[in-house]
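Step one of this worksheet: look at the structure below.
Throughout, residue positions are numbered sequentially from 1 according to the sequence presented. Whatever order the structure lists them in is the order used to number ligands and atoms, beginning at 1. Note that the structure is a prediction, hence the values are computed from the model and not measured.
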Amino acid sequence: MSPTARPIGVFDSGVGGLTVLRHIRAALPAEDLLYVADSAHAPYGVKSPQFIEARALAIAEFLVARDAKALVVACNTATAAAISRLRERFDLPVVGMEPAVKPAAEATRTGVIGVLATSGTLESGKFADLVGRFGSQARVIVQPCPGLVERIEAGDLTGPLTRRLLEGFVAPLLEAEADTLVLGCTHYPFLEPLLRELAGEQVAIIESGAAVARQLARRLAETDFLAARPAGSERFFSSGEPGLLEALLPRLWGSAAQVGRLTGG
Ligand code: DGL
């Protein structure tokens with residue numbers, strides 16, 4: 001198949017990467033997209049970097065076997081744990097993500113930013129480097145959010161348990177006068193309406209999905225890999241029970257779709 005016609009492979013521990021996929025779809029309407037939710041192994045945030053690296057390699061093999069021309073690690077935790085290894089292993093554009101500390105440090109007026117992310121991301125060397133590069137411009141307060149990804153995987157975006165958890169994570173950041181909150185996990189943009197309600201209109205909420213889609217478009221343009229068809233398609237796969245993702249897609253993706261089983265991963 002000519003490189004331009006090949007699909008783009010995108011993956012996350014579960015449904016979080018769909019918040020990135022929607023930016024990719026908007027930026028690159030002609031591309032065919034393959035999405036893998038590693039739901040049998042979610043959440044990644046509390047697992048070892050070695051485990052996540054092994055999962056990322058297995059999923060990337062699956063996507064490359066389906067002729068992916070580029071890979072997007074639509075997960076901050078997996079990027080921190082595995083992107084170097086993926087880039088060594090695969091001779092393709094591999095685009096990852098990191099919490100938007102740089103734009104937040106540039107935007108804050110109080111000089112305090114709050115970063116909500118998984119423990120895996122916040123404890124990684126990559127995150128320490130990021131704060132080392134931009135942390136001098138602002139005070140960076142980190143907030144791990146145990147339990148939140150599980151609520152989102154269960155499709156609970158507004159219920160009392162989710163609200164209570166999020167409230168508890170955000171309150172210390174607001175008390176410390178953070179005026180800019182970084183969503184450093186791709187699951188969290190699903191909670192943006194709730195977060196907006198809890199944090200108020202004055203607080204800026206920043207995520208990285210649009211920047212990742214722009215970076216992917218740049219990489220494909222550089223390699224002359226951009227698709228030329230009028231409209232692309234999406235195909236979804238899960239390492240968990242496909243019916244569970246099928247039930248969530250209408251709400252989290254905006255339309256129903258069949259979900260295939262992740263095989264060989
Ligand atoms: N969506 C992921 C991230 O961006 C991982 C969440 C998890 O599985 O813990 O970090």
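At a heavy-atom distance under 4.0 Å, only side-chain atoms of Val149, from C-beta outward, approach ligand 1.
Electrostatic pairing of Lys69 and Glu31 counts as a salt bridge here, judged by a charged N lying under 4.0 Å from a carboxylate O.
Arg66 is not listed as a side-chain neighbour of Glu61, based on a closest heavy-atom distance of 4.5 Å or more. The shortest distance between side-chain heavy atoms of Thr108 and Gln137 does not fall below 4.5 Å. Glu98 places none of its side-chain heavy atoms less than 4.5 Å from the side chain of Lys126.
The ligand atoms of ligand 1 that sit less than 4.0 angstrom from a heavy atom of Thr77 are 3 (C), 5 (C), 10 (O). Within the listing of ligand 1, atoms 6 (C), 9 (O), 10 (O) sit less than 4.0 angstrom from a heavy atom of Thr118. Applying the 4.0 Å criterion to heavy atoms of Asp12 picks out, from ligand 1, the atoms 1 (N), 2 (C). Close approach of ligand 1 to His187 (heavy-atom distance below 4.0 Å) involves ligand atoms 1 (N), 2 (C), 6 (C). Residue-ligand proximity, Ser13 to ligand 1, at heavy-atom distances under 4.0 Å covers atoms 5 (C), 6 (C), 7 (C), 8 (O).
Under the 4.5 Å side-chain heavy-atom criterion for grouping Ile, Leu, Val, Met, Phe, Trp and Tyr, Leu28 is not connected to Leu71 through any hydrophobic cluster.
The shortest contact between atom 7 (C) of ligand 1 and any protein heavy atom is with Tyr44 N, 3.2 Å. Scanning the protein for heavy atoms near atom 3 (C) of ligand 1, the closest one is Asn76 N, 3.3 Å.
Applying the side-chain hydrogen bond (donor to acceptor under 3.5 Å, both in side chains) test to pairs two or more places apart or on separate chains, those with a residue in residues 111-120 are Thr77-Thr118, Thr118-Thr121.
For the pair Gly45 and ligand 1, the shortest N or O to N or O distance falls below 3.5 Å.
When the heavy-atom distances from atom 2 (C) of ligand 1 to Cys75, Ala78, Ala81 are ranked, the shortest goes to Cys75.
A distance below 6.0 Å separates the ring centres of Phe237 and Phe62.
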